[in-house]
Novice: 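Okay, handing you the structure first.
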Amino acid sequence: MNNKCRIALFGECMIEMRGQMFGTMQQNFGGDTLNTAVYLARLGADAGIEVSYATQLGTDAYSDAMVAAWQLEGIDVSMVARDEGKMPGLYTIQVDDAGERTFYYWRDMSAAKDYFHEGQASALEDRIESLDAFYYSGISLAVLPPEGRERLFSFVDRLRARGGKVFFDNNFRKRLWMADADATKWYDRAFATSDMVMITLEDNQAIYDIADEESALAHCYSLPPDEVVIKRGVDPTIVRIRGMEPIIVPTFKVPKVVDTTGAGDSFAGGYLAARLQGQPPETAARSGNKIASIVVQHPGAIIPREAMPVFFFS
Ligand code: ADP
């Protein structure tokens, strides 16, 4: 891939409230693909990587504040749609005495679900010619109704036919697929139409009902994309490039893990930043592991800008 490139990421960003139930709560916003967009924008801007985030919000003050914050991160927001009848989704994070986190979601009515309005082209579809690449996740897929997913896949097909690259992260939330008898069918399609996929093994085990890690790994090796990136927490990352021996890339040791929220999302930002600059997969995995190792040492998914590493590819 060339140095100057434009990528769009699609998904849902929600209002986050973290703290004590009916007590003091800290407000923020978050969402897997948005987190990745932030890290990719931070790491890729100097190299000419232009990042657009595609989603739908309301016209309320919270939606306005989110858009303003994304712009400050250097993210292009011209693909953000607004629906005055809707609001962003919301989730709370309760942390118990042992540091264990529980998430509660209010997202059934959220604006992002309707990004692909019936009979109306979205900015993402309208501006397909401007894009070199596209990234989305299993959560992006899950929040859409079936018609929206069809539109997404049709967009993906058209982008690839034009030579664009498509990247997919298997992020899985069982609860979001409750109403759907067959999540595997949708995941199969996403895998079959991606150039590169990022996998968390436990998620693939849950999606495909695979009993053990060894079988999950074998399943990953058989996936259709040429490039399969397997994130394994603190264990070494595995990159399987078609026709080659798997590449094993160690993670970075950290003195203390504070919060793993956003680890995988930041990994994706680091990996994509490197790949979109033409770096090889091994360098990209190291770059992903580097940023993720810093993120796990901070609370929350998005670390302060001052904590960002100065990147060099080696
Ligand atoms: P996800 O957040 O998507 O489940 P992982 O848990 O595999 O993904 O974490 C993504 C990346 O975060 C890993 O590849 C690794 O670089 C980093 N990471 C996660 N946990 C740790 C840890 N305990 N120590 C160091 N790095 C970690």
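Residue indices begin at 1 and follow the sequence shown. Just so you know, ligand 1 is whichever comes first in the structure, and atom 1 is the first atom listed for that ligand.
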Novice: Answer with yes or no whether the hydrophobic clustering places L9 together with F167; edges join I, L, V, M, F, W, Y residues whose side-chain heavy atoms lie under 4.5 Å apart.
Specialist: yes
Novice: Shared ILVMFWY cluster between F29 and I139, side chains joined below 4.5 angstrom?
Specialist: no
Novice: Check for me whether the distance between the ring centres of Y104 and Y91 falls short of 6.0 Å.
Specialist: no
Novice: Considering only protein heavy atoms, which is closest to atom 6 (O) of ligand 1, and at what distance to one decimal place?
Specialist: G233 CA, 3.6 Å
Novice: Run the numbers for me: atoms of ligand 1, each under 4.0 Å from some heavy atom of T251, listed by number.
Specialist: 15 (C), 16 (O)
Novice: Show the nearest heavy-atom pair for residues F191 and N170, with the distance to one decimal.
Specialist: CZ-CB, 4.1 Å
Novice: More than 12 heavy atoms of other residues, nucleotides or ligands under 6.0 Å from CZ of R305: is that the case?
Specialist: yes
Novice: Of all the non-hydrogen atoms in the protein, which one sits nearest to atom 25 (C) of ligand 1, and at what distance?
Specialist: F252 O, 3.3 Å
Novice: Within ligand 1, which atoms have a heavy atom of R232 less than 4.0 Å away?
Specialist: 7 (O)
Novice: Can you tell me which portion of T200 lies within the under-4.0 Å heavy-atom range of ligand 1? Options are side chain, backbone, both, or neither.
Specialist: side chain
Novice: What atoms of ligand 1 come within less than 4.0 Å of a heavy atom belonging to K231?
Specialist: 3 (O), 7 (O)
Novice: Among G264, G288, A285, A292, which one has a heavy atom closest to atom 8 (O) of ligand 1?
Specialist: G264
Novice: With atoms numbered from 1 as shown, which atoms in ligand 1 lie under 4.0 angstrom from a non-hydrogen atom of N289?
Specialist: 13 (C), 14 (O), 15 (C), 16 (O)
Novice: Is there a donor-acceptor contact under 3.5 Å linking the side chains of R127 and S52?
Specialist: no
Novice: To which protein heavy atom is atom 23 (N) of ligand 1 closest, and what is the distance rounded to 0.1 Å?
Specialist: V257 CG2, 3.4 Å
Novice: Identify the protein heavy atom lying closest to atom 24 (N) of ligand 1, giving its residue, its atom name and the separation to 0.1 Å.
Specialist: V234 CG2, 3.7 Å
Novice: Can you name the nearest heavy-atom pair linking I303 to V295, along with the distance?
Specialist: CG2-CA, 3.8 Å
